[in-house]
Amino acid sequence: MSKTPSKPADLGDRTRLVHAGRDPSEQHGFVNTPIYRGSTVLYPTTDDLLHRRGRYSYGTKGTPTTDALEAAWTELTRAAGTVLAPSGLAAVTLALMSCLKSGDHLLVPDSVYRPARQFCDGMLKNFGVETTYYDPLVGAGIGALLRPNTKAVFTEAPGSQSFEMQDIPAIAEVAHRHGAVVIMDNTWATPLFFPPHERGVDIAIEAGTKYLSGGSDLLLGMVSANERCFPALRDTYDAFAMCPGPEDVFLGLRGLRTMALRLREHEKQALDMAHWFAARPEVAEVLHPALETYPGHDIWKRDFKGSSGLFSIILKPCSDRALAAMLDGLALFGMGFSWGGFESLVIPFDCSTYRTATQWKPGGHALRFQIGLEDLDDLKRDLDAGFARLKEADAKAA
Ligand SMILES: *Cc1c(COP(=O)(O)O)cnc(C)c1O
């Protein structure tokens, strides 16, 4: 039993991040729960083994290390329970598999994280689940798309790369009246900036690879669920035995303790950069929900407590060569997938080739930025030089 005095129930998020999921009295006084490695768990007697007595029975079913992160995430999200996954995408697939079966219908926003879409169009289709993609801005209009066999409505706010802001409470209300489960990929905001289960979400997904890690050094996923959906989620997790490695879970716990600080700093840095881009003559549009001019800003302001370090911009028309000249010469922005680490990143993207419910016609090249923890003046100088290369390349071609 814990020798720690019991904590008040109404702790703030920052206190939860520091205290949740650890009990030094259980660890000889050491602050952190260590990495438990293991497959076999020994039982002291035949009777204990036959009755699977004790919290731990086998490595895939949980260890004190995985329990620590699950408990902390459950506390942070105010969920009934959490399961872990070895990546964010694995968390998406676990969530979907926990509430769908052959013959069911699924609604997914057209702006969904693309590998999730590929899972729906491939694996789920093969197993007899039909997916319809919908306009992410549909709001309460989702009702018109619900069929008698629609069992789940997937959401993600804002949309991956394109940043459409979804009205989650409106969608959840209509979906729930129909009896459908509402799933949300909450990776962008994290529970710190969007409390999913308080906004009507039944199952919330987080790619721990991003802000939980904060270091671009691990892959992890978390799926939290309310009372209604947690039992099936736990069963699905057990069936797949898709458990993350203990070191990654430990690193996730380490990241958890400082996540609020890092996220606030990413928010501040990204907002500064978003305003800077908005004032640039080369930029046609900045897709950042916290900008007052952004179409989804009112929803963001109503439902979110902050914005993270990821946003996109649309450039005024320029050639492919000019874009490459800009990006290839950047010294401080890395080009690559994923985000949420300490370092700034940029990728060009184009959603037009695979959308089915909406059209993506931005009128210029689209770039997604992750703003890291560098000095902003340095980042701006790097981009200034990039824009100069872009203009020079286009002038030469003219
Ligand atoms: C990165 C990401 C994922 C997947 O996370 P991985 O750990 O890279 O598999 C899922 N959803 C969103 C919105 C993401 O950005």
Side-chain angles (χ1 to χ4, degrees), residues 69 73 77 82-97 108-124 133 136 154-166 168 183-194 196 201 203-224 237 240 242-245 247-249 251-252 255-256 259 263 266 270 287-289 296 300 304 307-312 334-341 343-347 349 351 354 366-372:
L69 183 54
W73 202 253
T77 54
T82 299
V83 297
L84 306 180
S87 70
L89 181 56
V92 170
T93 63
L94 255 180
L96 288 166
M97 295 301 275
V108 173
D110 218 15
S111 52
V112 76
Y113 175 64
R114 196 174 176 198
R117 183 180 195 112
Q118 286 158 340
F119 180 76
C120 297
D121 293 345
M123 197 67 75
L124 282 187
Y133 294 95
F154 201 93
T155 62
E156 183 182 341
S160 268
Q161 302 189 322
S162 48
F163 287 86
E164 293 91 340
M165 185 43 74
Q166 290 208 271
I168 304 289
I183 309 173
M184 180 186 187
D185 186 332
N186 194 31
T187 300
W188 182 80
T190 84
L192 292 173
F193 288 165
F194 185 87
V201 174
I203 305 177
I205 292 145
E206 185 78 21
T209 307
K210 310 291 166 54
Y211 288 120
L212 184 74
S213 156
S216 304
D217 54 2
L218 69 99
L219 293 157
L220 202 60
M222 293 82 82
V223 192
S224 58
Y237 173 87
F240 278 110
M242 201 158 45
C243 49
E247 277 86 1
D248 288 344
V249 176
L251 287 172
L256 182 82
M259 191 168 79
L263 206 54
H266 282 292
L287 313 181
H288 189 309
W300 173 81
F304 286 66
S307 56
S308 64
L310 194 77
F311 65 91
S312 292
M335 268 194 289
F337 297 101
S338 206
W339 47 277
E343 82 287 18
S344 288
L345 298 169
V346 60
I347 50 164
F349 68 91
C351 316
Y354 54 86
L367 299 175
R368 188 189 72 182
F369 284 92
Q370 129 91 7
I371 305 300

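Remember, it's 1-based here, ligands and their atoms both numbered in the order they're listed. For the single chain, residues carry numbers from 1 onward in sequence order.
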pair Leu220-Glu206: side-chain heavy atoms closer than 4.5 Å: no
Spatial distance of atom CD1 (Ile183) from atom CD (Glu156) [nearest 0.5 Å]: 12.5 Å
Please say whether Asp185 places an N or O atom under 3.5 Å from an N or O atom belonging to ligand 1. yes
Looking only at protein heavy atoms, which one is nearest to atom 8 (O) of ligand 1, and how far off is it? Tyr113 OH, 4.0 Å
Mind checking whether Ser160 contacts ligand 1 via backbone (N, CA, C, O), side chain (CB onward), both or neither, at a 4.0 Å heavy-atom cut-off? side chain
Using a strict 4.0 Å cut-off to heavy atoms of Leu89, name the atoms of ligand 1 that fall inside it. 4 (C), 5 (O), 6 (P), 9 (O)
Just wondering, do Phe163 and Trp188 contact through their side chains at under 4.5 Å, heavy atoms? yes
Any N/O of Ala207 closer than 3.5 Å to an N/O of ligand 1? no
Should Trp339 be listed as contacting ligand 1, given a heavy-atom distance under 4.0 Å as the test? yes
Note: ligand 1 atoms sitting under 4.0 Å from heavy atoms of Thr209 are 6 (P), 7 (O)
Side-chain heavy atoms of Val112 within contact of Asp185, under 4.5 Å: no
Specify the protein heavy atom at minimum distance from atom 15 (O) of ligand 1: its residue, its atom name, and the distance to 0.1 Å. Lys210 NZ, 2.7 Å
Report yes if the distance between the aromatic ring centroids of Phe369 and Trp339 is under 6.0 Å, otherwise no. no
Near Gly88, which atoms of ligand 1 are under 4.0 Å from a heavy atom of that residue? 4 (C), 5 (O), 6 (P), 7 (O), 9 (O)
CE (Met123) with more than 12 external heavy atoms under 6.0 Å: no
Inter-residue atom distance Leu256.CG - Tyr211.OH, 0.5 Å rounding: 15.5 Å
